[in-house]
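Structure, as structure tokens:
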Amino acid sequence: MNSPAGNEVNSGILRQVMPFDWSTPPGKAVLWQRDMSRRVILCPLPEPQVVAGIDVAYSAGGTNGYAAAVVMTLPKLKIVETQSEKFEIRYPYRPGLLAMREGPVTAAVLKKLTRRPDVIIFDGAGIAHPRRFGIASHFGVLFDIPTIGCAKTALLSVVGELGPKRGDFAPILLEAEVLGAALCTRPGVQPVHVSPGHRVDLACTIDLVLATTTKYRLPEPIRQAHRLANSLRAKDRQ
DNA sequence: GCGACAG
DNA sequence: ATCTTGTCGC
């Protein structure tokens with residue numbers, strides 16, 4: 001959908017470099033997260049030119065998941081590619097294990113991309129996670145690509161007050177370490193909870209979220225992905 | 001033991 | 001996340 005010839009699948013632009021069993025039971029998945037978090041790399045992100053956003057919508061009852069990916073240029077935020085995928089959702093939602101639930105359909109849509117993003121924004125946590133391995137970190141390590149997490153609500157609590165101006169933020173701590181931030185993207189609206197996923201640092205994460213946020217609370221890539229996922233679900237049921 | 005808890 | 005009705009404000 002939207003690729004030049006209209007039907008390229010698995011162009012290989014994005015490769016999963018590490019195998020993973022999405023049916024791994026919760027207990028083992030938790031241990032795996034703790035172990036894999038050691039592979040997360042925090043470093044500056046070279047000036048990104050292309051950014052992607054991913055989101056998943058669910059059918060009534062949560063039987064099916066519709067994943068959408070939107071790729072845009074920076075700093076113009078011009079959409080250059082969109083892809084989508086539909087999968088049956090088999091894993092139950094458990095705080096801290098979102099990647100297990102949304103992983104299969106998300107991996108599938110990522111593999112459809114023909115444009116390689118310099119960084120991918122996920123709707124959820126990066127390292128601001130109980131085991132420092134939210135969905136953004138999970139996909140960053142699996143695909144060896146820079147990722148960030150941008151959640152609408154907190155998984156880990158925010159420490160301190162944050163100012164009311166765009167760009168103001170308050171730290172998210174775990175064991176006295178700053179992992180992320182509650183960031184004001186627009187005055188007068190609830191902050192977003194951001195954290196590095198992989199191959200970026202917190203400063204670059206904040207810069208990217210501000211660079212992709214225009215007149216809405218959420219970064220354009222995930223906002224557009226959200227809209228696309230919802231429209232696909234709507235089209236599918238009628 | 002109790003409460004909190006991305007989507 | 002999804003399910004719902006109404007409400008406030010530009």
Side-chain angles (χ1 to χ4, degrees), chain A residues 22 26-27 29-30 33-34 36-37 40 53-69 84-110 120-141 147-159 170-175 179-183 185-198 202 205 209 214-219 221-223 225-238:
Chain A
W22 295 110
V30 163
Q33 290 180 326
R34 215 186 303 284
M36 293 304 288
S37 68
V40 168
I54 304 279
D55 190 44
V56 178
Y58 295 85
S59 60
T63 308
N64 295 306
Y66 300 80
S84 61
E85 188 56 87
K86 174 188 178 182
F87 264 54
E88 181 183 349
I89 298 295
R90 308 186 176 212
Y91 215 89
Y93 172 71
R94 295 256 306 263
L97 292 176
L98 177 64
M100 298 304 299
R101 182 168 167 80
E102 302 193 340
V105 69
T106 299
V109 79
L110 284 179
I120 305 173
I121 306 178
F122 285 79
D123 193 338
I127 60 172
H129 174 278
R131 294 167 293 280
R132 305 178 187 217
F133 207 70
I135 190 169
S137 300
H138 195 130
F139 276 93
V141 170
T147 60
I148 74 165
C150 179
K152 296 177 289 298
T153 61
L155 180 53
L156 298 182
S157 53
V158 179
V159 176
I172 294 174
L173 308 180
L174 180 64
E175 296 159 353
L179 299 183
L183 174 67
T185 56
R186 281 203 75 182
V189 303
Q190 287 298 109
V192 292
H193 296 67
V194 305
S195 59
H198 185 52
L202 182 55
T205 294
V209 170
T214 55
K215 52 195 303 194
Y216 299 95
R217 178 193 178 209
L218 300 178
I222 56 177
R223 198 178 76 83
H226 191 269
R227 295 184 55 180
L228 176 55
N230 279 325
S231 71
L232 289 165
R233 174 186 55 192
K235 183 186 301 181
D236 212 31
R237 62 170 182 197
Q238 65 67 45

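In what follows, chains are A, B, ... by sequence order, proteins preceding strands, each numbered from 1.
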**Fill in**
Protein-proximity profile, nucleotides 1-7 of chain B, B/S/- by nucleotide at the 4.0 Å heavy-atom cutoff, equals ----BBB
**Message:** Once salt bridge (Lys or Arg N to Asp or Glu O under 4.0 Å) is applied, do any residues pair with A:D55, and if so which ones, sequence neighbours excluded?
**Reply:** none
**Item:** salt bridge (charged side-chain N to carboxylate O under 4.0 Å, His left out): pairs with one or both residues in residues 128-138 of chain A, sequence neighbours excluded
**Value:** A:R132-A:E175, A:R132-A:E177
**Message:** I need the full list of salt bridge (charged side-chain N to carboxylate O under 4.0 Å, His left out) pairs touching residues 98-110 of chain A, with sequence neighbours left out, sorted by first then second residue.
**Reply:** none
**Item:** Check against side-chain contact (heavy atoms from CB on, under 4.5 Å), A:T185 and A:L218
**Value:** CA-CA 7 Å; A:T185 56; A:L218 300 178; over 6 Å; no
**Prompt:** Do side-chain atoms of A:Q33 reach the backbone of A:G96 as a donor and acceptor pair under 3.5 angstrom?
**Reply:** yes
**Request:** Starting at atom OH of A:Y66, determine the distance to atom P of C:dT2, rounded to an integer number of angstrom.
**Result:** 11 Å
**Asked** Which part of the nucleic acid, if any, lies within contact of A:A57, taking any heavy atom under 4.0 Å across all strands shown: a base, the sugar-phosphate backbone alone, or nothing?
**Response** sugar-phosphate
**Request:** Pick base, sugar-phosphate or nothing for A:R237, based on heavy-atom distances below 4.0 Å to the nucleic acid.
**Result:** sugar-phosphate
Within the 4.5 Å heavy-atom criterion, are [X] and [Y] side-chain neighbours or not?
X: A:N64; Y: A:D236; value: no
X: A:P130; Y: A:L155; value: yes
X: A:I222; Y: A:C150; value: yes
X: A:K152; Y: A:R217; value: yes

**Request:** Determine whether the side chains of A:N230 and A:R227 contain a donor N or O and an acceptor N or O closer than 3.5 Å.
**Result:** no
**Message:** Using a 3.5 Å limit for the pairing distances, which stems of at least 3 consecutive Watson-Crick or G-U wobble pairs does DNA chain B take part in?
**Reply:** none
Show the distances under 3.5 angstrom between N or O atoms of the protein and N or O atoms of nucleotides 4-9 of chain C.
none

